[in-house]
Amino acid sequence: MKLGIIGCGAIGSDVAKAADKMEDIEKIYLFDIRKEAESELHKMVKKSEIVEVDILIEKSDVVFEAASQDAIKQYAEKILSAGKDLIIMSIGSLIDDNFRKKIEDIARKQNCKIYLPSGAVCGIDGILSASVETLDEVTLVTTKPPEALGKSYDRRTVIFRGNAREAVKLFPKNINVAANLSIAGIGFDRTKVEIVADPVATRNSHKILAHGKFGRLRAEVENMPNPNNPKSSYLASLSAIATLKRILNPIQIGA
Ligand SMILES: NC(=O)c1ccc[n+]([C@@H]2O[C@H](COP(=O)([O-])OP(=O)(O)OC[C@H]3O[C@@H](n4cnc5c(N)ncnc54)[C@H](O)[C@@H]3O)[C@@H](O)[C@H]2O)c1
């Protein structure tokens, strides 16, 4: 398989290095608007080649995006229209219902897939299964040390309480998980989000609480930061690599 990577930052680099070791991946095309990021990564990844984005789309079988919401708006339609599968990390971009429907329609017509890795959260598998039947309530509680939110508090403070649609707009860099959870479950308008600044917290954590006809679900993860970008959780990179393995693997685990 030939893999294209758009965005050679923290997550793109982790995925490129992992893909370099995968037997089934023969070539890795790299593109970033920061030319130094491309060349740094190229030096570390044997199978890689730096190309312009149009060439990347033409030559890749699967395109992995770890760049920005703008990048998805810029390239997703082109990638899918070319019949290529797309893995999206900047899932907040899919809050735009018209845009999401448009790329879904193109993917269906072109018989290709859009993969959304679980990212920095766990429990998405349970939410997917539970949402087949009535799912009454889904809440995401994201807790961060105040400095990770650019704030200063001396006690635990809920700084946002609302639905996922508002949360994604107000915290676009931090809240891809809310977007992913909404798409997996009951949508952006019904999924509840709380963002908590907690001076006692040393790590970013995400807790999913849900109940419905299936019973109750409670899933919590405490994330280590990515060593190359403390704003991203390391689990996000690992989930991207796991998604890539899933695409290559004949055994498909999970809902
Ligand atoms: N789904 C999740 O759970 C999850 C978790 C963490 C991060 N993310 C998202 O994944 C993306 C990447 O995160 P990261 O930590 O690797 O960020 P990063 O800042 O380390 O790297 C992003 C790279 O993309 C490049 N870039 C930005 N816009 C581009 C464009 N239009 N075309 C080409 N390159 C472009 C930047 O120059 C940078 O090198 C971000 O959008 C982030 O919000 C998602």
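From a predicted model like this one, the values you see are computed outputs, not experimental measurements. Remember, it's 1-based here, ligands and their atoms both numbered in the order they're listed. Residue numbers start at 1 and run along the sequence shown.
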> Donor-acceptor pair, Glu77 side chain versus Ile103 backbone, under 3.5 Å?
no
> Looking only at N/O atoms, are Ser233 and ligand 1 under 3.5 Å apart anywhere?
no
> With heavy atoms of Asn176 as the reference, note each atom of ligand 1 found under 4.0 Å away.
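Reading through ligand 1 atom by atom, the close ones are 1 (N), 2 (C), 4 (C), 8 (N), 9 (C), 42 (C), 43 (O), 44 (C).
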> Salt bridge or not for Asp54 and Lys78, using N-O below 4.0 Å?
yes
> I want to confirm something. Looking only at heavy atoms, which of Ser68, Ser90, Gly12 is nearest to atom 28 (N) of ligand 1?
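The residue whose heavy atom sits nearest atom 28 (N) of ligand 1 is Ser68.
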> For the pair Thr191 (side chain) and Phe188 (backbone), establish whether a donor and an acceptor sit closer than 3.5 Å, ignoring hydrogens and angles.
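Flag not set: sc Thr191 to bb Phe188 has no pair under 3.5 Å.
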> Ile11 versus ligand 1: do any nitrogen or oxygen atoms come within less than 3.5 Å of each other?
yes
> Between the side chains of Lys113 and Asp85, is the shortest nitrogen-to-carboxylate-oxygen separation below 4.0 Å, so that they form an ion pair?
no
> Atoms of ligand 1 less than 4.0 Å from Gly119 heavy atoms?
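Checking each atom against Gly119, I get 2 (C), 3 (O).
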> Quick one: does any side-chain atom of Glu133 pair with a main-chain N or O of Lys213 as donor and acceptor, under 3.5 Å?
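Not a single qualifying donor-acceptor pair exists.
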> Short N/O distance, under 3.5 Å, between Ala37 and ligand 1?
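No, there is no polar N/O contact under 3.5 Å.
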> Please determine if Asn229 has a nitrogen or oxygen closer than 3.5 Å to a nitrogen or oxygen of ligand 1.
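Yes: some nitrogen or oxygen of Asn229 is under 3.5 Å from one in ligand 1.
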> Does Asp70 come within less than 4.0 Å of ligand 1, judged by its heavy atoms?
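It does not, in that no heavy atom of Asp70 comes within the 4.0 Å cut-off of ligand 1.
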> Any idea which atoms of ligand 1 are less than 4.0 Å away from a heavy-atom of Arg34?
37 (O), 38 (C), 39 (O)
> Consider ligand 1: state whether an atom of it lies below 4.0 angstrom from any non-hydrogen atom of Ile33.
yes
> Looking only at distances, can you tell me whether any N or O atom of Ala120, backbone or side chain, sits closer than 3.5 Å to an N or O atom of ligand 1?
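There is such a contact, yes.
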> Residues in side-chain contact (heavy atoms from CB on, under 4.5 Å) with Ser205, at least two apart?
Thr143, Glu220, Glu222
> From the options Met89, Gln74, Glu65, select the one whose nearest heavy atom is closest to atom 10 (O) of ligand 1.
Met89
> With rounding to the nearest 0.5 angstrom, report the NE2 to CD1 distance, His206 to Ile195.
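These two atoms lie 9.5 Å from each other.
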> Any nitrogen or oxygen of Tyr75, side chain or backbone, less than 3.5 Å from one on ligand 1?
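Such a contact does occur with ligand 1.
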> Any salt bridge linking Lys151 with Glu147? Criterion: basic side-chain nitrogen under 4.0 Å from a carboxylate oxygen.
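Not counted as a salt bridge, because no side-chain N and carboxylate O are separated by less than 4.0 Å.
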> Is any N or O atom of Phe31, backbone or side chain, closer than 3.5 Å to an N or O atom of ligand 1?
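N/O-N/O distance under 3.5 Å: no.
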> Evaluate Ser232 for polar contact with ligand 1, using N/O atom pairs at a separation under 3.5 Å.
yes
> Just heavy atoms, cut-off under 4.0 Å: does Ala236 contact ligand 1 by side chain, backbone, both, or neither?
side chain
> Which one of Ala10, Gly7, Ala67 has a non-hydrogen atom at the shortest distance from atom 35 (C) of ligand 1?
Ala67
> Can you list the residues that meet the side-chain contact (heavy atoms from CB on, under 4.5 Å) rule with Arg161, with sequence neighbours excluded?
Val158, Glu194
> Nearest 0.5 Å, what's the CG-CD1 distance between Leu41 and Ile5?
6.5 Å
> Is it true that Lys73 and Asp96 make a salt bridge, defined as a side-chain N closer than 4.0 Å to a carboxylate O?
yes
